[in-house]
Every structure is written in C-alpha cells, then in structure tokens.
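Structure first, then comments.
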Amino acid sequence: MQASPTLSHRACEAITDLLGAQQPWEEAPAARLRFHGTAPAFDTPHALTLSAGAAIGAYALAVEKWWHLATGQRQTVAIDWMQAASSLNPGHFQTQNGYGLPALSLLTELKADFYRTADQRWFFPIGSYPHLRDGVLELLDCANTPAALSRAIGRWKGDDLEAAFEEKRLPGVYARSTEEWLRHPQGALLAQRPVIEITRIADSDPEPARPGARPLSALRVLDLGHVIAGPVVARSLAEHGAEVLRVTPPMNQDPFRQTIDTNIGKQSAFLDLTQAADQQRARELVSGADVVVQSWRPGSLARRGLGAEDAAALRPGVIYVSVSAFGDSGPWAERGGFEQLGQTVTGIAISEGVAGGKPRVVPTYLLNDYLTGYLGAAGVMLALLRRAVEGGSYHVKVSLTRTSMWVQGLGLEPGHTPREDRRHFAEGLLPLLETRPSAYGVLQQLPPVAQFSHTRAHWALPPAPNGAHPAAWLHRPALTP
C-alpha cells in the first residue's frame with residue numbers, strides 16, 4: 001500500500017525521541033528527511049516497517065548533521081519504505097552468482113523453537129554455533145530433533161531450565177508477557193534506560209569534524225563485533241566512507257551468509273584474542289581508532305584489556321560501542337544471548353502468537369539485530385557530535401532486549417489479529433538490489449537504505465572473506481582542505 005502521511009509523521013516523532021533524548025535537536029526530522037514509496041504491511045501486530053524507518057532515519061540525520069558541522073553544507077535524506085522494511089532481514093534477498101543463500105546451516109544449528117516446559121512455559125533454546133548446539137544437547141541429554149528437544153525440555157520447570165542454561169553459559173529463556181518482563185528486575189532496569197545510552201567515560205580535547213570527500217572519510221572504525229548487530233553498526237559507518245577494519249577470531253567465525261552481509265565495506269583480519277600477542281595487536285589498533293565496536297558477552301573484552309575504559313586510556317576521545325543481549329548491568333548483565341531471546345522475554349513473542357497458543361518471533365524472524373545495529377550507529381554519530389564540541393571519550397550502549405522494548409513502545413497496529421497461517425514476511429517485498437563483484441562471485445544485495453542528496457551512501461569495498469587482510473590500518477585518506 002502507498003505510505004500514508006501518518007506513518008511518516010509517526011516515524012519522525014520516533015526519530016525526535018531518539019535524537020532528542022541525547023541532546024537538543026535544532027530542527028524537526030521532516031526538515032531534512034523525506035519518506036516515500038510503498039510501505040509493506042507485515043503479518044504482525046508490531047510496527048516493524050515504522051521501526052526500521054525510524055532507526056535508519058535517526059542515524060541518517062545524525063550523519064547529515066556531522067556533514068554540516070564539517071563543511072557548512074546541508075543535505076536532504078530520502079528513505080524508501082520498501083527498502084527500509086527489507087532491511088530487517090536483508091540476507092533473505094542476497095544472491096551469489098544468481099543463487100539464493102540458505103537461512104540456516106541445517107548440519108550445525110540446533111532445532112530452535114518454542115518448547116513447553118513442565119510448568120507450561122514456552123522455552124526457546126538457541127544453539128547457532130556448534131559449541132552452543134553441543135552444550136544444549138549435552139545439558140538436555142537428547143538428540144537434535146524437535147521431538148527429542150520437546151520431551152527433554154518438558155521435564156524441566158522454566159525457572160530451573162533458565163538457571164541451568166545460564167550456569168552452562170548457554171543462551172535460552174522462556175517467553176514472558178510484557179507485564180511479566182516489566183516486573184522482572186532486568187526488565188524494570190532496562191525500562192529506565194534510554195534506547196541509546198551514551199556515557200562520557202573520560203576527558204579529552206575536542207576533535208572537530210573534518211571535511212572529506214564523504215561524511216565519514218576521516219574516521220577509523222575497529223569492528224570487534226560478531227554475529228549481526230555489532231557488525232551492522234560498523235557497516236553503517238562504512239556507508240559514508242569510514243575506514244572499517246573487521247577483526248574476527250579464526251576459530252569462531254560467523255556463518256557464511258552473515259559474513260557476506262556484514263563484511264560489506266570493510267577490510268577483514270584475523271586476531272585470536274585469547275593470545276597475548278594478538279591482544280597487544282588489538283590494543284595497537286584501538287590506539288589508532290576513532291570508534292571501537294564490540295558485541296561479545298559483557299565483560300569478555302574487558303578481561304582482555306579491551307574494555308571501554310581501556311580503550312579510552314589507549315585512545316583519548318574514542319567512541320566505544322557495546323552491543324549486549326540484556327544490557328550490561330543488573331542481574332542478567334553477564335548473560336549472553338541472541339536476538340530472538342530479546343523478542344521472547346519482552347512479550348513480543350507472546351503477542352505474535354495466536355491467543356493462548358505457542359509464541360512466535362516476528363515474521364521477519366530477525367528484528368533486534370538490524371535495528372540495534374542502526375540504533376548503535378546513531379549513537380556513534382551523537383557521541384561524535386558531542387566530542388567535536390565538548391571533547392571526551394564516550395561509551396555507547398545498546399541492547400537487543402531494549403530494542404524489543406522500544407519496538408513495543410511504538411504501539412501495536414490497530415485491528416491486527418494473529419493468524420495460525422501467517423504469510424511469509426517477504427511476500428510482496430520487492431526491494432531494489434545492487435550488484436557487485438566480489439571474492440565470492442557476483443553478489444546481489446540490498447544497498448544502503450538512507451540516500452543523501454549530495455554524498456551518495458555506498459560501500460566502496462565488496463565483502464571480504466574473513467581474515468583476507470592484515471590486522472593493520474590503511475593510510476588515512478587524503479582530505480579536502
């Protein structure tokens with residue numbers, strides 16, 4: 001359907017809330033940002049298309065403001081609703097030499113789904129890497145089949161199973177209603193936190209925005225993230241010319257489909273951060289970075305001397321981004337998790353299910369991963385704007401679960417009743433794709449969603465295989481006077 005002015009207005013209100021929570025915003029989003037095109041209606045009560053447009057719009061307007069600060073010039077930004085909606089699961093639309101890519105590796109992943117517990121809860125285990133899959137199957141002492149998992153989980157009470165998963169450092173939670181989550185200590189804590197949390201963690205001199213051929217040409221970004229949300233923060237910065245170096249552990253690489261999606265626009269190197277020599281090399285890279293992004297379990301990198309405070313000491317003025325599952329404080333602070341768990345604990349999964357029946361994640365399957373990446377990129381830009389005027393090092397925090405809570409706060413679509421026979425999310429989605437040669441052959445992929453009137457958003461590099469480059473910065477690009 002053609003997008004209504006009301007949808008654009010709601011998106012601009014959400015953007016104002018995101019940006020204004022951090023600093024006064026001198027003009028309304030509609031002054032610089034235009035939404036256009038067809039707005040897909042997903043088979044869901046949640047405002048998925050709206051959330052995508054708002055998260056991307058907030059990031060884009062912050063980039064535009066940075067460009068204005070550096071050059072004195074203004075731009076306008078355009079977002080096509082079809083492209084924004086498709087950005088919630090762009091991997092679905094990727095092709096390699098004309099062939100689509102499988103969503104899952106059926107040989108390695110756990111048969112993740114909602115399974116009934118002994119006390120009638122719905123538990124969602126995740127084993128998306130071999131060591132996690134094996135850990136779940138060992139704990140439950142069962143085969144990797146839906147029937148076996150159902151029998152094994154059915155012998156546990158929900159709270160006991162959550163505790164057992166956490167003791168083994170495995171990701172899994174049971175579904176809660178929105179009200180239950182807000183009564184939970186972790187939910188109550190997150191409800192008091194902003195969607196994008198920015199904290200000044202050290203002093204340093206101001207670093208004014210510098211003009212370049214593209215808005216972020218003068219910036220270096222060290223991507224220490226994994227899976228999707230963290231790498232999407234860095235990929236979003238690469239859209240506007242930032243030099244991005246992705247660092248991946250050689251023995252724990254992300255799946256192929258994610259790699260070719262999230263490595264666009266980046267150099268890619270191996271470092272094993274369990275080794276002292278590689279930890280030192282990572283510190284050297286931090287010392288030359290403007291932005292550091294990480295999405296490992298809270299505390300993991302700090303134990304290796306690569307936490308936010310360590311980065312601020314190594315590089316005064318650094319912007320350090322942490323992407324977590326449940327936030328980095330509170331009783332669940334050190335729990336690891338994946339994006340579907342954010343949907344599960346906050347009430348989204350119950351709202352997606354047929355009344356009284358089995359919960360479901362949103363029809364795009366992915367929600368928090370990409371949204372949290374776009375929100376984290378907005379946080380980077382807001383922190384850079386503060387650094388330009390005030391100086392300082394900043395810690396930007398976003399979490400998959402807080403993003404789910406933000407989506408719920410956008411409201412439910414009126415009149416939608418979940419159906420058992422929910423249609424596939426891509427039905428009716430016809431996004432424009434771009435074609436690029438790469439080490440993997442010819443790829444078709446979703447281009448950057450927000451397009452600028454003067455400096456076209458694009459990725460200068462195709463996705464590189466993990467470990468294809470040395471763990472070193474390139475020379476800084478020549479900047480215009």
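Only this structure's heavy atoms are used, side chains among them; waters, hydrogens and symmetry mates stay out.
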- request: For the pair Phe256 and Tyr440, name the ring-plane relationship: parallel under 30°, tilted 30 to 60°, perpendicular over 60°.
  value: perpendicular
message: Are the side chains of Phe93 and Leu433 in contact, using a 4.5 Å heavy-atom criterion?
response: yes
- prompt: Does atom CG of Asn97 have more than 12 heavy-atom neighbours from other groups under 6.0 Å away?
  reply: yes
- prompt: Taking C-beta and beyond as the side chain, do Leu341 and Thr401 meet within less than 4.5 Å on heavy atoms?
  reply: no
message: Using the rule given for side chain to side chain contact (heavy atoms under 4.5 Å, CB included), can you reason through Tyr370 versus Glu339, listing the C-alpha separation, both sets of side-chain angles and the distance that settles it, and then say yes or no?
response: CA-CA 9 Å; Tyr370 286 94; Glu339 88 103 63; over 6 Å; no
query: Do we see a donor-acceptor contact under 3.5 Å between the side chains of Arg246 and Thr262?
result: yes
query: Can you name the closest pair of heavy atoms from Glu434 and Pro448 and give their distance?
result: OE2-CD, 4.1 Å
- prompt: Looking at Arg10 and Glu13, does any basic side-chain N land under 4.0 Å from a carboxylate oxygen?
  reply: no
message: Between Gln340 and Tyr365, is there a side-chain heavy-atom distance shorter than 4.5 Å?
response: yes
message: Check this for me: does any side-chain nitrogen of one of Arg235 and Asp261 sit under 4.0 Å from a carboxylate oxygen of the other?
response: yes
- prompt: Should the pair Arg297-Glu334 be classified as a salt bridge under the 4.0 Å nitrogen-to-oxygen rule?
  reply: no
statement: In short, Arg214 meets Arg456 closest at the heavy-atom pair NH2-O, 3.8 Å
query: Is there a donor-acceptor contact under 3.5 Å linking the side chains of Gln94 and Arg257?
result: no
message: Can you confirm whether Leu189 sits close enough to Pro185 that some side-chain heavy atom of one is under 4.5 Å from a side-chain heavy atom of the other?
response: no
query: Which residue, Asn89, Leu48, Leu400, Thr403, forms the side-chain contact (heavy atoms from CB on, under 4.5 Å) with Leu367?
result: Leu48
- request: Could you check if a side-chain atom of Pro250 sits within less than 4.5 angstrom of a side-chain atom of Asp272, using non-hydrogen atoms only?
  value: yes
statement: Smallest heavy-atom separation, Trp473 atom then Leu222 atom, equals CH2-N, 3.7 Å
task: Mind telling me whether Phe326 and Trp332 have parallel, tilted or perpendicular rings, with 30° and 60° as the class edges?
output: perpendicular
message: Strictly below 4.0 Å, N to O, side chains only: are Glu197 and Arg402 in salt-bridge contact?
response: no
task: Taking the side chain as every heavy atom from C-beta outward, state whether Gln73 and Trp67 have any pair of such atoms under 4.5 Å apart.
output: yes
message: So Leu237 and Met381, do their side chains get closer than 4.5 Å, heavy atoms only?
response: yes
task: Give the ring-plane orientation class for Phe42 versus Phe425, where under 30° counts as parallel, over 60° as perpendicular and anything between as tilted.
output: tilted
query: With the threshold set at 4.0 Å, does a side-chain nitrogen-carboxylate oxygen contact exist between Arg315 and Glu207?
result: yes
Considering all heavy atoms, the nearest Leu446-Leu432 contact: CD1-O, 3.8 Å
- prompt: Side chains of His240 and Thr455: do they bring a donor and an acceptor to under 3.5 Å?
  reply: no
task: Describe, in one word, how the ring planes of Trp181 and His184 are oriented to each other, choosing from parallel (under 30°), tilted (30 to 60°) and perpendicular (over 60°).
output: parallel
- prompt: With a 4.5 Å limit on heavy-atom distance, are the side chains of Leu301 and Tyr320 in contact?
  reply: yes
- request: Identify the two heavy atoms, one from Ala450 and one from Ile56, that lie closest to each other, and give their separation to 0.1 Å.
  value: CB-CG2, 3.9 Å
message: side chain to side chain contact (heavy atoms under 4.5 Å, CB included) for His36 and Trp81? Distances and angles first, verdict last.
response: CA-CA 6 Å; His36 64 96; Trp81 282 117; 6.0 Å; no
statement: Taking every heavy atom of Ser438 against every heavy atom of Pro462, the minimum-distance pair comes out as CB-CB, 3.8 Å
field: Qualifying residue, where the test is side-chain hydrogen bond (donor to acceptor under 3.5 Å, both in side chains) with Ser404 and the options are Thr372, Thr344, Asn368
entry: Asn368
query: Under 3.5 Å, is there a donor-acceptor pair between the Glu352 and Thr44 side chains?
result: yes
- prompt: Side-chain donor-acceptor pair under 3.5 Å between Arg193 and Ser329, yes or no?
  reply: yes
